[in-house]
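Reviewing the structure listed below.
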Amino acid sequence: MSIEEAKPTHDQGDLWEVFLQEDGQPHVHAGSLRAPDAEMALQNARDVYARRGAVTGLWVVRTADIAATEPADRAALFDGPRTKAYRHAHFYPLPGGMKEP
């Protein structure tokens, strides 16, 4: 979703991304919602995403404030140097369940 798509199309407020934390776990993305401000976004997030379960924390972030990479940036940002094989796990067996990149 681009930043332009994240702008409100009606009078429903800004688009917010919701992250929730369960007991002792890191925050994970739970979903999105619209709200006019951060306080209302937190209240709505609690009602929508935290009614059940062991939620211990919520974060809301205005989608327009998130900086993200574009697919065209993949090579420049994520392709590692091919000449440094020692940075890859080729020299020892990987534990079960892990895959080589």
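Treat the numbers as computed from the prediction; the structure is a model and nothing was measured.
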Output the rest of the hydrophobic cluster of M40: all Ile, Leu, Val, Met, Phe, Trp and Tyr residues reachable through side-chain heavy-atom contacts under 4.5 Å, sorted by chain and number.
none
When rounded to the nearest 0.5 angstrom, what is the spacing between [atom1] in [X] and [atom2] in [Y]?
| X | Y | atom1 | atom2 | result |
| --- | --- | --- | --- | --- |
| I66 | W16 | CD1 | CH2 | 10.5 Å |
| D73 | D79 | CG | CG | 11.5 Å |
| Y49 | L33 | OH | CG | 5.5 Å |

Donor-acceptor pairs under 3.5 Å, side chain of residues 18-28 to any protein atom, not counting sequence neighbours: which ones?
| from | atom 1 | to | atom 2 | distance (Å) |
| --- | --- | --- | --- | --- |
| Q21 | NE2 | Q25 | O | 2.8 |
| H27 | NE2 | W59 | NE1 | 3.2 |

Residues A35 and N44: closest non-hydrogen pair is CB-ND2, 4.0 Å
Indicate the atoms forming the closest heavy-atom contact of A50 with L58, along with that distance.
CB-CD1, 4.4 Å
Residues which pass side chain to side chain donor-acceptor pair (under 3.5 Å) with S32, listed by chain and number, not counting sequence neighbours
E17
Using side chain to side chain donor-acceptor pair (under 3.5 Å) as the criterion, list what pairs up with R46, not counting sequence neighbours.
none
Of all pairs that satisfy salt bridge (Lys or Arg N to Asp or Glu O under 4.0 Å), the ones with a partner from residues 50-68, not counting sequence neighbours
D14-R62, R62-D65
In terms of hydrophobic clusters joined by side-chain contacts under 4.5 Å, are V48 and V55 together?
yes
